[in-house]
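Per chain, numbering begins at 1; letters A, B, ... match sequence-line order.
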There are 2 protein chains.
Amino acid sequence: MCDTCHGPEHGHDHGMGHGGGHGDCHCKLSGKVERFIQPCLLLSLLQHPSHGYELLERLTGFRFYPGSPDTGAVYRHLRRLENSDYVESRWETGDAGPAKRIYSITPDGQDMLKAWIEEFRDRKSAMEDFIEKYERSVK
Amino acid sequence: MCDTCHGPEHGHDHGMGHGGGHGDCHCKLSGKVERFIQPCLLLSLLQHPSHGYELLERLTGFRFYPGSPDTGAVYRHLRRLENSDYVESRWETGDAGPAKRIYSITPDGQDMLKAWIEEFRDRKSAMEDFIEKYERSVK
DNA sequence: CTGCCCTATATGCTACTATCAGATAGGGGA
DNA sequence: TCCCCTATCTGATAGTAGCATATAGGGCAG
């Protein structure tokens, strides 16, 4: 039983929003953002260096994130990207408010992003194939 | 340290094969098939009824599965799909070898598959946007 | 000067999932 | 008899997202 969509578990609302975690309930087909957060962060940082809190807001610009993404996820992934040398950071304490950790993309990170782009092209075409298979089957 | 690609953890091999589970190693960008198994099973069953072992082989026809998919995953997802009334099954003991559980897609399952197709269209266009954003940034 | 909100970063916990490994079992061939 | 192929199913583990919470600086209203 699903406490979000109520009633039948096979509702047709398939938006990616609201976050997931509904177990066997398929009222949200893909609440989870499925590790798209890393390429989104890398692309944001390719555009210009930024800090976690700002990146959090910029993530909503990607259609993978219709709602507000999780703050914990953003900071944790930035840390992981830094451990892999895909990004680097420096502290900025200049202006008002708490200190900011400014992240920039590294050459390795740019290579990684390029690999992600290739991956996305593959997935996109795999989905096109799937849709085509479906169209042929229902015809 | 990655025991698959050895050396630097940011190698550029980004195929979807060999299965995942390399933690922070990005030598495989997406070893996980990320719940694509359910729509693949539904579409296979839309084409014609089938049993688990056969579906296992038919899954390789989808480009989400370059290697052989996990047998456990197939049977477990079939069970889950049946619990959700997206598929139904009957035992077939007629011919040689062990009994087969033949699955068929239900009307609810067909609706679900349709919802998945819409979802795939969304994801596909989100990826197109991402790639376009990238192209603009590197230009 | 206290409480509240906004900015900013970080960690703990839990549920879900994929993957790996192995168990069970029928039947055919060497 | 042993091994392999077909066929289904279960156990254990590791990675992940999402939620909640902790910490902390600074501005501002009452």
Side-chain angles (χ1 to χ4, degrees), chain A residues 2-4 16-26 28-38 40 50-59 64-80 82-83 89-103, chain B residues 2-4 16-26 28-38 40-41 50-59 64-65 67-80 82-83 89-103:
Chain A
C2 175
D3 55 350
T4 297
M16 298 175 81
H18 315 49
H22 299 293
D24 276 359
C25 174
H26 294 80
K28 306 293 173 211
L29 282 178
S30 60
K32 297 204 177 174
V33 288
E34 294 175 1
R35 78 172 65 179
F36 286 165
I37 195 169
Q38 290 198 13
C40 288
S50 192
H51 61 281
Y53 196 80
E54 192 187 54
L55 286 164
L56 191 71
E57 290 167 350
R58 292 175 64 195
L59 276 181
F64 306 113
Y65 297 92
S68 14
D70 183 55
T71 66
V74 167
Y75 289 108
R76 254 193 280 253
H77 277 287
L78 284 169
R79 182 64 57 91
R80 287 178 58 186
E82 187 163 33
N83 286 339
S89 69
R90 63 175 196 281
W91 282 99
E92 191 176 279
T93 49
D95 38 74
K100 297 168 192 162
R101 193 194 278 270
I102 309 284
Y103 286 92
Chain B
C2 175
D3 55 350
T4 297
M16 297 175 79
H18 314 52
H22 298 292
D24 276 0
C25 174
H26 295 80
K28 307 293 172 210
L29 282 178
S30 60
K32 299 203 176 173
V33 287
E34 294 174 1
R35 80 172 66 179
F36 285 164
I37 195 169
Q38 291 197 13
C40 288
L41 290 172
S50 192
H51 60 281
Y53 197 80
E54 193 186 54
L55 287 164
L56 191 70
E57 290 166 350
R58 291 174 65 194
L59 276 181
F64 306 114
Y65 297 92
S68 13
D70 183 57
T71 66
V74 168
Y75 289 108
R76 253 191 281 251
H77 278 287
L78 284 170
R79 183 64 56 89
R80 287 178 59 187
E82 187 162 33
N83 286 340
S89 69
R90 64 176 197 280
W91 281 99
E92 189 176 280
T93 49
D95 38 74
K100 297 168 193 165
R101 192 195 280 269
I102 309 285
Y103 287 91

Name the atoms and distances for all side-chain donor-acceptor pairs under 3.5 Å in residues 71-79 of chain B, with sequence neighbours left out.
from  : atom 1 : to    : atom 2 : distance (Å)
B/Y75 : OH     : B/Y53 : N      : 3.3
B/H77 : ND1    : B/Q38 : NE2    : 2.9

Once side-chain hydrogen bond (donor to acceptor under 3.5 Å, both in side chains) is applied, do any residues pair with [X], and if so which ones, sequence neighbours excluded?
X     : value
A/E54 : A/S50
B/E82 : B/S89
B/E57 : none

Pick out the pairs of N or O atoms, protein on one side and nucleotides 1-8 of chain C on the other, that lie under 3.5 Å.
from  : atom 1 : to     : atom 2 : distance (Å)
C/dT7 : OP2    : A/Y53  : OH     : 3.4
C/dA8 : OP1    : A/K100 : NZ     : 3.2
C/dA8 : OP2    : A/H51  : NE2    : 3.4

Strictly below 4.0 Å: does [X] bring a side-chain N or O up to OP1 or OP2 of [N]?
X     : N      : value
A/R76 : C/dT9  : no
B/H77 : C/dA18 : yes
A/R80 : D/dT16 : yes

Starting at [atom1] of [X] and ending at [atom2] of [N], how long is that distance when rounded to a whole Å?
X      : N      : atom1 : atom2 : value
B/Y103 : D/dA7  : OH    : P     : 14 Å
A/L78  : C/dA10 : CG    : C1'   : 12 Å
A/E82  : C/dT9  : CD    : P     : 12 Å
B/L55  : D/dT6  : CG    : C1'   : 14 Å
B/E92  : C/dG26 : CD    : P     : 18 Å
B/D70  : C/dT19 : CG    : C1'   : 6 Å
A/F64  : D/dT16 : CZ    : P     : 18 Å
B/R58  : D/dA7  : CZ    : C1'   : 16 Å

Provide the closest heavy-atom pair for A/C40 versus A/L59 in the form atom of the first, atom of the second, distance. CB-CD2, 3.4 Å
Contact summary for B/P69 and B/L56, nearest pair of heavy atoms: O-CD1, 3.5 Å
Which comes earlier along DNA chain C counting from the 5' end, the contact point of B/T71 or that of A/W91, where each point is its nearest nucleotide? A/W91
